[in-house]
2 protein chains.
Amino acid sequence: MAANQVSDVFAALADPTRRAILARLAAGDATVNELAEPFPISLQAVSKHLNVLERAGLITRVREAQWRRCRLNPAPLRDLAQWVDQYRRLWDDRYDTLDGYLRELKENTDDRDQ
Amino acid sequence: MAANQVSDVFAALADPTRRAILARLAAGDATVNELAEPFPISLQAVSKHLNVLERAGLITRVREAQWRRCRLNPAPLRDLAQWVDQYRRLWDDRYDTLDGYLRELKENTDDRDQ
DNA sequence: GTCGCCTTCAACCAAGTGGTTAATTAACCG
DNA sequence: CGGTTAATTAACCACTTGGTTGAAGGCGAC
């Protein structure tokens with residue numbers, strides 16, 4: 001995962017509306033109208049949020065007749081879980097020494113990005 | 001974890017400089033000057049980044065003589081790991097049915113925030 | 001083709017962000 | 001006390017962001 005992609009994913013998740021959209025999409029695909037329905041903002045604003053999520057790779061949109069169906073793409077979330085796992089030893093008491101050694105080894109080889 | 005705190009943590013992590021500062025602090029406490037040294041930006045800019053990290057709860061600063069020592073606080077990262085774990089079933093094949101049931105049960109009780 | 005629905009594009013606005021330089025505060029040292 | 005070092009605050013700037021309204025594009029139905 002390149003550094004700017006990490007930034008894009010974090011930035012996308014920094015907005016509560018976008019997190020709510022993701023939560024909705026976790027339950028299944030939806031159209032833009034369906035996604036916009038719960039929010040007190042304009043459809044255009046939701047469309048902008050979807051652009052941000054798409055640029056971050058968190059969703060994909062496919063044309064389906066006159067609708068554009070949105071689908072959650074979990075890959076960046078998986079990468080995020082890996083990223084935060086770099087820091088697990090800082091809070092996880094059950095993080096044993098061998099496990100810690102392996103993770104730090106991994107940090108120093110694959111994980112050149114912060 | 002309140003919704004705005006989640007947002008603050010994600011927003012704080014959306015900047016590569018701030019992620020690099022966290023990575024440095026994971027190796028041990030440091031002063032502002034020590035943290036600023038690797039970056040091509042002014043000390044004041046680093047100080048601003050530290051404010052953002054502090055507001056997000058990711059670091060704490062304590063006065064020590066004429067220095068101000070920065071320390072990483074892993075709690076928000078732990079919360080983040082929990083947040084992203086809500087979505088684990090979407091990418092993890094080894095996510096079995098019982099585990100899934102327990103997690104969704106948990107989502108519907110503690111995790112009212114998106 | 002024309003109407004209507006779903007969605008996006010364009011232009012704008014207020015507020016926030018990441019950076020700068022200059023000034024200020026805080027603490028130690030002589 | 002005065003000087004030095006560490007760090008923050010203040011004021012400013014260019015750019016981004018999240019929202020708005022209005023216009024336009026795509027597609028199906030008639």
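By convention in this document, chain letters (A, B, ...) are assigned in the order of the sequence lines, proteins followed by strands, and residues within each chain are numbered from 1. As a basis for the values below, the full set of heavy atoms in this structure was taken, side chains included, without hydrogen atoms, waters or symmetry mates.
In this structure, the nucleotide among C/dT7, C/dG19, D/dG19 sitting nearest to the side chain of A/Lys48 is D/dG19. In this structure, the nucleotide among D/dT9, C/dG19, D/dG19 sitting nearest to the side chain of B/Gln44 is D/dT9. Listed nucleotides: D/dT20, C/dA23, C/dG19. Nearest to the side chain of B/Ile41: C/dG19. If you check C/dT8, D/dT9, D/dT20 against the side chain of B/Asn51, the one that comes closest is D/dT9.
Sparse packing is recorded around CH2 of A/Trp67, with 12 or fewer heavy atoms of other residues, nucleotides or ligands lying under 6.0 Å away.
D/dT17 atom P lies 12 Å from atom CG of B/Asp15, rounded to whole Å. Here the P atom of nucleotide D/dT8 and the CZ atom of B/Arg55 are 14 Å apart, to the nearest Å. In this structure, CG of B/Leu53 is placed 12 Å from P of D/dT8, rounded to the nearest angstrom. When rounded to the nearest whole Å, the span between CG of B/Asp8 and P of C/dG16 equals 13 Å. Per the geometry, CG belonging to A/Leu43 stands 16 Å off C1' belonging to C/dA10, to the nearest Å. In this entry the distance linking CZ of B/Arg69 with P of D/dT5 reads 19 Å, nearest Å. Atom CG of A/Leu50 is separated from atom C1' of C/dC6 by 13 Å (rounded to the nearest Å). One can place CD of B/Glu37 at 13 Å from P of D/dA7, the figure rounded to the nearest angstrom.
With salt bridges taken as basic N to acidic carboxylate O contacts below 4.0 Å, one links B/Asp29 and B/Arg71.
Note on A/Ser42: every side-chain N or O is 4.0 Å or more away from OP1 and OP2 of D/dG19. Between D/dT5 and B/Asn33, no contact under 4.0 Å exists linking OP1 or OP2 to a side-chain N or O. For the pair A/His49 and D/dT17, the criterion of a side-chain N or O lying under 4.0 Å from OP1 or OP2 is not met.
Residue A/Leu43 holds its CG atom at 13.0 Å from NZ of A/Lys48, rounded to the nearest 0.5 Å. Distance OH/B/Tyr87 to CG/A/Leu58: 9.5 Å, rounded to 0.5 Å.
Scanning residues 57-68 of chain B for heavy-atom distances under 4.0 Å to DNA chain D yields B/Arg61, B/Gln66, B/Trp67, B/Arg68.
Checked by atom type, the side-chain pair B/Arg61/B/Asn51 shows a donor-acceptor distance below 3.5 Å.
Closest approach of A/Ala11 to B/Ala14, counting heavy atoms only: N-CB, 3.6 Å.
Between B/Phe10 and B/Trp83, the ring planes lie perpendicular to each other; the angle is over 60°, past the 30° to 60° tilted range.
Nearest-nucleotide assignment on DNA chain D puts the 5′-proximal partner with B/Ser47, out of A/Val52 and B/Ser47.
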